[in-house]
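Take a look at the structure below.
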Protein chains: 2
Amino acid sequence: MSHPINVACSNCNLRELCMPVGLKPEELQRIDELVATRRKVKRGTTLFRNGERFDALYAIRTGFFKTCITAEDGRDQVTGFQMAGEIIGLDGIVNDHHTCDAVALEDAEVCVMPFDKISEISRDVASLQHHLHRIMSREIVREHGVMLLLGTMHAEERVAAFLLNLVQRLHTRGFSRSEVVLRMTREEIGNYLGLKLETVSRTFSKFAEMGMITVRHRHVRILDVDALKRLVGPPGGAA
Amino acid sequence: MSHPINVACSNCNLRELCMPVGLKPEELQRIDELVATRRKVKRGTTLFRNGERFDALYAIRTGFFKTCITAEDGRDQVTGFQMAGEIIGLDGIVNDHHTCDAVALEDAEVCVMPFDKISEISRDVASLQHHLHRIMSREIVREHGVMLLLGTMHAEERVAAFLLNLVQRLHTRGFSRSEVVLRMTREEIGNYLGLKLETVSRTFSKFAEMGMITVRHRHVRILDVDALKRLVGPPGGAA
DNA sequence: CGGTAGGTTGACCACCTTCAAGGACCGTGG
DNA sequence: CCACGGTCCTTGAAGGTGGTCAACCTACCG
């Protein structure tokens, strides 16, 4: 399940995504202590679950995750989709227990960073300290955006925003800015966006009819980014 | 606008709410350095605004705030209501600029804690470090809950959850567990809950008809907590 | 006392959900 | 190779929840 690492953070090609930049050599060395082990997570299995003890943050090295919470009555909500270079597990810090499930949507590998080690090292290395704060703050700001989406947007706007966000993040990772292979089902997308899977499907079809995208199963090609952007938020447009 | 403090954290009656517990005397002394000044914020004015430079977190000493973000097209979303003992400003850490507005809903006073001072002291005082991490993590978890609410709940469930959450937080601050004086308008409540103000109003009326609450303007009395709880999430109830 | 902001209530309607049926793809096993 | 089952997806028709629009009311404040 977990195994020793073979690539140090200092050599990792994802370093700019999950670690601070501009470190001095001796700081870099301390950072390399951070990742205790790697862990492979098979598609469909969980990295951690609601209720489990929290003791580490995870940096995604490869693969794709969703995080979701479940209410007592069984309703659940996908709170995010995470890809390479992103950090998951922040929810567990408050009460030393995770409050959501992290499920791999494809075979994945994560770097395990024991939280007490993070705390310890960030007391010595100010840039790591600040980096951690920024990561948490970024997550808070991201969730504000999701609240705006869920609170004010219509179905088409939500789906457009979802696609744009996804393709943008993939692009910063070196992938195409117009091709997406969805790693999640329509139901998972809908759950995240506060819509039913049928609505997501219909909206995809509608975008395709309008010539903004092509959809074949999970393969989406974006034909007209600007049209999508216009959908999510009229730029100078009507109030 | 801002003025020297007259009550040290070590003497503050809100200490358990916004500061770590179980500090050693010398740590307490360092904590007292945290709050540089106090600042009064008049009702209807902002503590900070989207786009302003971030350099401090704020602990609410008295009063009541809302935070809200605004999309380019003018739509906005209330992301939370904050009361005494709670910390605001976390959104600003990522990019050194605030991304939301913090508006006082009644005359308020906050403790200004310069963020570089927080960082510095938390490098020496591990319990402060952990406390900060917990505060940020708690905010992330809270927002997960809001996402669940916005993504899956019906109007009645949302309003019930809102009232219960409010009264619960007031109760931990020593107020009644059945009396609430709302500090925000129906429109602000609706915005937060992803509903229109008319829907909030109607839902209040419906709850009143059902004998669960009484409403007179902004004064709400909760008559049947359990009924409200049953609304938000059927306990063992129907799936 | 009049103006204004905030709140309530009603009628109608739109968007999304619900329910249902059919179809495409994938892995497995014959 | 094809048949088979299962999951995932698409599309249609009908219905409901909450939105929209509008009128009226109340409290508050100069």
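Remark: B/Thr199 is in phosphate contact with D/dG19, judged by side-chain N or O atoms under 4.0 Å from OP1 or OP2. Distances shorter than 4.0 Å separate some side-chain N or O of A/Arg186 from OP1 or OP2 on D/dT10. Taking only side-chain nitrogens and oxygens, B/Thr185 never comes nearer than 4.0 Å to OP1 or OP2 of C/dA5.
A/Glu187 places its CD atom 12 Å from the P atom of C/dT18, with the value rounded to the nearest Å. Between the CG atom of B/Asn191 and the C1' atom of D/dG18 there is a distance of 16 Å, rounded to whole Å. Put simply, CZ on B/Phe204 is 20 Å from P on D/dT26, counting in whole angstrom units. C/dC15 atom C1' lies 16 Å from atom CG of A/Leu193, rounded to whole Å. With rounding to whole Å, A/His219 atom NE2 is found 17 Å from C/dA24 atom C1'. When rounded to the nearest whole Å, the span between CD of A/Glu188 and P of D/dC8 equals 8 Å. Put simply, NZ on A/Lys196 is 7 Å from P on C/dT17, counting in whole angstrom units. Computed from coordinates, the A/Arg183 CZ to D/dC8 P distance equals 15 Å when rounded to whole Å.
With hydrogens and angles ignored, a donor-acceptor pair under 3.5 angstrom links the side chain of B/Glu198 to the base of D/dC21. Judged by atom type and distance alone, A/Arg218 does not reach the base of D/dT7 through any side-chain donor-acceptor pair under 3.5 Å. Checked by distance alone, B/Arg202 brings a side-chain donor or acceptor within 3.5 Å of a matching partner on the base of C/dG10.
Among C/dA11, D/dG12, D/dG18, the nucleotide with an atom closest to any side-chain atom of B/Ala155 is D/dG18. Taking every side-chain heavy atom of A/His154 into account, C/dC15 is the closest of D/dC9, D/dT10, C/dC15. Distance from the side chain of A/Arg216 is smallest for C/dC25 among the nucleotides C/dC25, C/dT8, D/dG18.
Here A/Glu109 does not pair with A/Arg39 in a salt bridge; the nearest charged N to carboxylate O distance is not below 4.0 Å. Using a 4.0 Å cut-off between a side-chain N of Lys or Arg and a carboxylate O of Asp or Glu, B/Arg173 and B/Glu86 qualify as a salt bridge.
When each of B/Thr79, B/Val94, B/Ile93, B/Leu90 is tested with A/Val141 by the rule side-chain contact (heavy atoms from CB on, under 4.5 Å), just one qualifies, namely B/Val94.
Between B/Tyr58 and B/Phe48, the angle of the ring planes stays under 30°, which puts this pair in the parallel group of the 30/60° scheme.
Among the atoms of the strands shown, only primed sugar atoms or phosphate atoms (P, OP1, OP2) are found under 4.0 Å from some heavy atom of B/Leu195. Among the atoms of the strands shown, none is found under 4.0 Å from any heavy atom of A/Gly190.
Here the straight-line distance linking atom OG of A/Ser205 with atom CE of A/Met210 works out to 10.5 Å at 0.5 Å rounding.
Projected onto DNA chain C by closest heavy-atom contact, A/Met153 and B/Val215 fall at different nucleotides, the more 5' of which corresponds to B/Val215.
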